[in-house]
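Chain naming here is simple, since letters A, B, ... match the order of the sequence lines and numbering starts at 1 in each. This structure is a prediction, so every number in the text was calculated from the model and none was measured.
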Amino acid sequence: MTDEHRYKFRAIEDRWLPVWEERQPFRSGREDDARPTKYVLDMFPYPSGDLHMGHAEAYALGDVIARHWVQKGFNVLHPIGWDSFGLPAENAAIKRGVDPAGWTEDNIAQQLSSMKRYACSFDWDRVLMTHRSDYYHWNQWIFTRLFERGLAYRKHSNVNWCPKDQTVLANEQVVGGLCERCDTPVTKKKLNQWYFKVTEYADELLDGLEDLRETWPSKVIAMQRNWIGRSRGADVTFEIEGREQPITIYTTRPDTLHGATFMVVAADSDLAAELATGADAATQDAFATYVEKVKGESEIDRLATDRPKTGVFLQRYGINPVNGERLPIWASDYVLADYGHGAIMAVPAHDQRDLDFARAMSLPVRVVLDCRDDAGEPFGDPAATGVAATGDGVLVNSGSLDGLEKAAAIEAIVAELSAAGTGDAATNYRLRDWLISRQRYWGTPIPIIHCEACGEVPVPDDQLPVKLPNAEGLDLKPKGQSPLAAASDWVNTTCPRCDAPALRDTDTMDTFVDSSWYFLRYLSPGKTDGPFDVEEAKRWAPIDQYVGGVTHAILHLLYSRFFTKALRDMGMIDFGEPFTALLNQGMVLMDGSAMSKSRGNLVRLSEQLDEFGVDAVRLTMAFAGPPEDDIDWADVSPAGSQKFLARAWRLARDVESAPGVDAATGDAALRAVTHKALAESQELVEGFKFNVVVARTMELVNATRKVIDSGAGPADPAVREAAEAVAILLSLFAPYTAEDMWSMLGHSDVALATYPAVDRSLLVEETVTCIVQVMGKVRDRLEVPPGIGQDELRSLALETDGAKRAIGDASIRTVIVKAPRLVNIVIG
RNA sequence: GCCCCCGUAGCCCAAUUGGCAGAGGCGGCCGACUUAAAAUCGGCGCAGUGCGGGUUCGAGUCCCGCCGGGGGCACCA
């Protein structure tokens with residue numbers, strides 16, 4: 001074999017990359033394009049270096065979907081950009097003493113060039129970068145709109161604080177008490193910060209998941225549901241001795257109201273502080289000491305399980321609205337200040353936490369629900385066993401509720417409280433508002449001006465964007481205050497409302513703001529008079545298929561859903577869910593664990609590409625298994641992929657018939673394999689079974705090889721038809737090889753070639769094998785026409801030797817016939 | 001502790017959604033070609049589906065209970 005007749009991936013890559021660069025086959029969105037639209041989106045990358053194996057997997061899989069829809073005749077929008085604000089750039093800038101902008105743009109240039117080499121089917125005309133002012137301009141614009149609607153607001157509260165990054169964190173960025181970015185234990189700090197009012201949409205964010213059940217991974221839906229954490233219960237008001245205002249508490253178990261033996265307020269709440277001031281000096285002292293201790297605890301300490309309950313009796317009493325009992329009020333850290341009302345009624349007999357506390361403080365325990373354990377035996381006395389009776393049961397010691405089941409009792413007590421004006425049904429959420437202020441440099445400046453007379457004044461549209469001041473001369477080191485505060489020329493401004501001297505807000509926005517609406521910016525990335533074109537949004541959005549890692553299951557997806565609903569309510573879009581369908585690809589591992597330099601199991605993408613070629617790496621990603629499963633690179637074989645690609649490529653090289661030859665006269669068996677592969681593959685792609693599509697393509701390649709070498713030969717028209725089908729199928733996974741094959745076969749632009757029409761008549765088999773079972777065991781088989789009737793098949797089956805032998809003398813009870821595939825004879 | 005997902009051949013994985021457990025690949029073994037090797041071509045399936053029950057004519061698939069692995073949530077009243 002001479003050299004030019006060999007499969008050489010490097011030469012093929014070099015041949016087609018410049019051609020695509022010139023032809024831009026995936027440019028989308030021409031006005032006069034009559035094809036139906038499809039919006040396929042890959043989560044955009046953070047430019048922290050060059051692309052790695054994880055990117056390679058994600059973009060290979062997203063590409064299969066995007067390329068499939070193009071070949072299916074759709075006008076596909078498949079854009080890419082960079083999520084280019086964020087801490088890594090800033091930290092790198094601090095470490096090396098460089099400008100984060102330069103570091104960021106260098107990395108973007110590197111990634112962009114790698115993506116092109118990797119043959120990603122992106123529309124390169126729509127690239128966006130969130131660190132550019134023409135993007136974050138619109139973050140600011142949206143912020144001011146949210147502010148006008150009361151969806152962006154500032155409040156003082158105890159916030160999560162990362163002592164290492166010296167910035168606040170959203171709830172979602174605290175993982176197990178640690179900073180999501182740097183694993184530093186998070187502490188609390190009382191600060192005045194900006195929030196987005198996500199809770200306004202809590203119900204819709206939860207209920208909307210229902211519509212995504214078919215098209216989102218159930219895991220992600222479960223995670224979001226969990227995160228929002230809606231609970232149904234009741235608010236109950238308790239009069240407080242020596243206090244004019246009553247206290248409202250939230251409970252999911254109003255039925256146990258008669259079992260309340262004390263009350264607890266969150267130690268770090270304003271309410272606790274206020275109640276304590278009414279107590280004697282010793283109590284005030286004890287309380288002050290306790291609060292200091294609580295505030296000094298890290299989040300991780302607080303979350304520790306089996307932590308003994310602690311608290312301080314405030315020497316105050318509340319009055320139980322149903323029986324007038326005096327309930328001592330305690331302050332403790334096991335009640336959270338920012339959930340419900342920061343205060344609870346404690347029912348130790350029926351709540352484990354309350355019981356633990358009661359036992360620690362020697363408080364009374366009163367059973368008001370006759371519960372049974374799993375065996376139906378009466379539940380042991382919680383005060384003695386230390387196990388709270390949290391199950392269902394019949395009410396006792398509860399006045400009017402006695403004899404009712406839990407559910408009926410809840411209904412009855414809520415009605416009672418409601419009539420008395422001392423309570424009502426209520427709903428609470430685990431979800432908190434989204435804290436978006438960050439005390440860091442590399443982000444979107446918050447477009448608010450603080451004026452002594454006018455208060456918080458949004459920057460008017462004609463003064464947007466508020467550009468980041470130049471990093472030069474600014475100390476970017478984290479110090480608990482935004483580096484922007486030091487840029488005095490930038491900070492000092494005038495109030496847009498009254499012209500008095502005023503100060504800019506010096507915090508920047510959480511970078512998750514950037515990614516909450518970027519999918520809309522792609523629709524009109526150059527637009528200068530708005531965040532996106534409303535008409536283009538009607539044409540393309542929402543996203544038909546979103547592809548990305550499950551790591552963003554909560555944060556990014558929840559925030560994007562919130563933005564979408566807010567923008568809808570501003571009348572800018574007409575849908576409430578941004579991502580109609582979601583595919584989470586797994587991770588790429590090495591030897592069973594995530595790759596990392598420190599573990600020494602890092603596989604470098606560039607080395608893999610140099611050794612095996614782009615196509616072999618992409619094909620390996622798709623063939624490794626179901627896309628949502630993790631890939632262990634040690635278990636797969638890019639060398640095997642390369643071998644297969646060479647084998648496929650040689651088919652095109654060997655074809656000896658002319659382009660356009662009529663396949664109808666060709667080898668019928670091969671034609672059947674070809675058309676079956678074409679038909680099945682399209683369904684399989686749409687079901688994300690990319691690994692099976694590759695397997696079907698391998699089958700087709702094997703069948704074609706056989707016909708060439710030991711069948712009808714390379715001139716048979718069916719061989720050309722098969723080779724062309726291979727090229728088209730392969731272009732989803734291995735675009736260079738496919739393009740080269742397509743070119744050898746006398747065509748151009750395989751990516752734009754639509755799937756050939758499937759000839760269904762070729763898929764009808766002449767005979768099918770019918771298995772004959774007796775008592776579910778295979779005893780014989782029959783070759784029958786596919787259209788055979790039930791009765792005829794039954795008689796044929798009963799006459800087979802295998803069946804007769806198995807039946808013997810036994811009598812036949814029933815015969816189950818599933819024509820044409822199976823007959824099962826039941827005897828005895 | 002609660003919730004979700006997954007256990008099929010030495011390994012990665014298929015299985016028309018209840019109908020012959022095996023499509024594809026990796027590895028292994030055998031053969032052809034070759035002076036030899038590489039490359040290429042051809043051939044060989046080694047497990048009865050983690051375990052125990054149940055439903056059914058029939059279960060990898062559905063139900064119940066375990067075991068093992070992965071992930072999420074976890075003082076949210």
Side-chain angles (χ1 to χ4, degrees), chain A residues 1 6-7 175-176 217-227 229-231 233 249-254 256 264 266 302-307 309 332-336 338-347 350-354 356-357 428-432 550 553-554 586 619-620 623-626 628-641 643-644 646-647 650 680 683-684 689 691-702 705-706 708-710 769-781 813-818 821-828:
Chain A
M1 198 186 297
R6 267 236 155 81
Y7 175 77
V175 179
S218 60
K219 183 181 175 177
V220 175
I221 290 181
M223 286 166 76
Q224 293 229 344
R225 184 179 298 280
N226 221 330
W227 190 262
R230 180 163 65 194
S231 94
I249 60 97
Y250 172 74
T251 177
T252 53
R253 294 295 304 278
T256 61
V264 187
R302 208 181 62 76
L303 288 175
T305 49
D306 294 339
R307 187 160 158 268
K309 292 276 185 288
S332 174
D333 62 353
Y334 89 89
V335 169
L336 307 178
D338 60 352
Y339 183 79
H341 305 282
I344 62 157
M345 68 171 190
V347 184
H350 304 291
D351 182 284
Q352 191 59 50
R353 298 153 299 184
D354 295 345
D356 293 344
F357 192 83
N428 259 299
Y429 304 88
R430 216 192 71 108
L431 181 72
R432 305 296 144 86
V550 72
I554 298 171
L619 186 79
T620 303
F623 186 52
E628 56 276 10
D629 288 4
D630 290 344
I631 298 173
D632 193 326
W633 203 248
D635 289 337
V636 296
S637 172
S641 298
K643 217 169 89 179
F644 163 69
R647 191 169 151 83
R650 286 193 300 267
E680 279 186 17
E683 283 168 31
L684 288 166
K689 299 183 166 195
N691 52 329
V692 187
V693 179
V694 175
R696 290 286 171 276
T697 309
M698 288 173 167
E699 245 179 304
L700 178 56
V701 167
N702 292 343
R705 182 82 258 158
K706 206 163 221 165
I708 292 174
D709 287 353
S710 52
T769 306
C770 174
I771 55 162
V772 181
Q773 297 179 334
V774 178
M775 298 302 283
K777 287 203 167 61
V778 181
R779 297 300 185 187
D780 215 322
R781 42 202 87 203
R813 207 181 333 152
T814 6
V815 181
I816 288 144
V817 185
K818 297 273 174 185
R821 297 260 173 222
L822 174 129
V823 177
N824 187 13
I825 300 158
V826 187
I827 57 174

Round to a whole Å and report the spacing from CD1 of A:Ile554 to C1' of B:rG71. 11 Å

N/O (side chain, A:Ser231) to phosphate O (OP1/OP2, B:rA77) under 4.0 Å: yes

Residues passing the ring pair (Phe, Tyr, Trp, His ring centres under 6.0 Å) test with A:Tyr339, sequence neighbours excluded, are none

Over all strands shown, is A:Arg230 touching base, sugar-phosphate only, or nothing at heavy-atom distances under 4.0 angstrom? nothing

Taking the nucleotide of RNA chain B with the closest heavy atom to each, which residue, A:His341 or A:Ile825, is nearer the 5' end? A:Ile825

B:rC3 to B:rA74 separation - C1' atoms, rounded to the nearest Å: 11 Å

Do you see a donor-acceptor pair shorter than 3.5 Å between the side chains of A:Asn702 and A:Arg647? yes

Measure from CG on A:Leu700 to P on B:rG25 and round the result to the nearest Å. 13 Å

Atom-to-atom span, CG of A:Leu619 to P of B:rG25 - whole angstrom: 12 Å

Give me the distance, rounded to whole Å, that separates B:rG72 from B:rA9 when you measure between the P atoms they each carry. 27 Å

Atom C1', compared across B:rC20 and B:rU49: separation rounded to whole Å: 15 Å

Touch check for A:Thr814, heavy atoms < 4.0 angstrom, all strands: base, sugar-phosphate only, or nothing? nothing

Does B:rG48 pair with anything, Watson-Crick or G-U wobble, both distances under 3.5 Å, and if so, with which nucleotide? none

Just the atom pairs and distances: protein N or O near nucleotides 3-7 of chain B's N or O, under 3.5 Å.
none

Ignoring backbone atoms, establish whether A:Asn702 has a side-chain N or O less than 4.0 Å from OP1 or OP2 of B:rA23. no

Partners of A:Thr252 by side chain to side chain contact (heavy atoms under 4.5 Å, CB included), sequence neighbours excluded? A:Ser231, A:Tyr250

Nucleotide B:rC26, atom P - distance to CG of A:Asp632 in whole Å: 18 Å

Starting from P on B:rG72, measure out to CZ on A:Arg430 and report it in whole angstrom. 13 Å

Taking only the side-chain nitrogens and oxygens of A:Lys818, find out if one of them lies under 4.0 Å from OP1 or OP2 of B:rC20. no

For the C1' atoms, the ones on B:rA59 and on B:rA21, what distance do you get once it is rounded to whole angstrom? 12 Å

Looking across every strand, which nucleic acid part, if any, lies under 4.0 Å from A:Arg813 by heavy atom: base, sugar-phosphate, or nothing? nothing

Could you tell me whether A:Gln773 contacts a base, only the sugar-phosphate backbone, or nothing, with contacts defined as non-hydrogen atoms closer than 4.0 Å? base

Taking a pair to mean Watson-Crick or G-U wobble geometry with both distances below 3.5 Å, B:rC2 pairs with B:rG72

Proximal nucleotide (of B:rC57, B:rC26, B:rA77) relative to the A:Leu336 side chain: B:rA77

Report yes if at least one side-chain N or O of A:Arg779 is closer than 4.0 Å to OP1 or OP2 of B:rC20; otherwise report no. no

Starting at CD1 of A:Ile771 and ending at P of B:rG18, how long is that distance when rounded to a whole Å? 16 Å

Pairwise P distance, B:rC67 and B:rG58 [rounded to whole Å]: 29 Å

Between A:Arg647 and B:rG42, is there a contact of a side-chain N or O with OP1 or OP2 at under 4.0 Å? yes

Is the NZ or CZ atom of A:Lys309 positioned over A:Tyr334's six-membered ring, under 6.0 angstrom from the centre and within 45° of the axis? yes

Could you tell me the separation between the CD1 atom of A:Ile816 and the C1' atom of B:rC57, rounded to a whole number of Å? 3 Å

Could you tell me which nucleotide pairs with B:rA23 by Watson-Crick or G-U wobble geometry, both distances under 3.5 Å, or answer none if nothing does? none

Pairing residues for A:Phe623 by the ring pair (Phe, Tyr, Trp, His ring centres under 6.0 Å) criterion, not counting sequence neighbours: none

So, does A:Arg705 get its side chain near the phosphate of B:rU40, meaning an N or O under 4.0 Å from OP1 or OP2? no

Taking a pair to mean Watson-Crick or G-U wobble geometry with both distances below 3.5 Å, B:rG58 pairs with none

Rounding to an integer number of angstrom, what distance separates B:rG50 and B:rG45 when you compare their P atoms? 23 Å

Rounded to whole angstrom units, what separation is found between the OH atom of A:Tyr339 and the P atom of B:rA74? 13 Å

Holding to side-chain hydrogen bond (donor to acceptor under 3.5 Å, both in side chains), I want the full list of residues that pass it with A:Arg432, two or more places apart in sequence or in another chain. A:Asp338

Students often get this wrong, so: under 4.0 angstrom with heavy atoms, is A:Val335 touching a base, only sugar-phosphate, or nothing? base

Does the protein touch nucleotides 8-16 of chain B at the base, only the backbone, or not at all? Give it as B, S and - per nucleotide, heavy atoms under 4.0 Å. ---SSSSS-

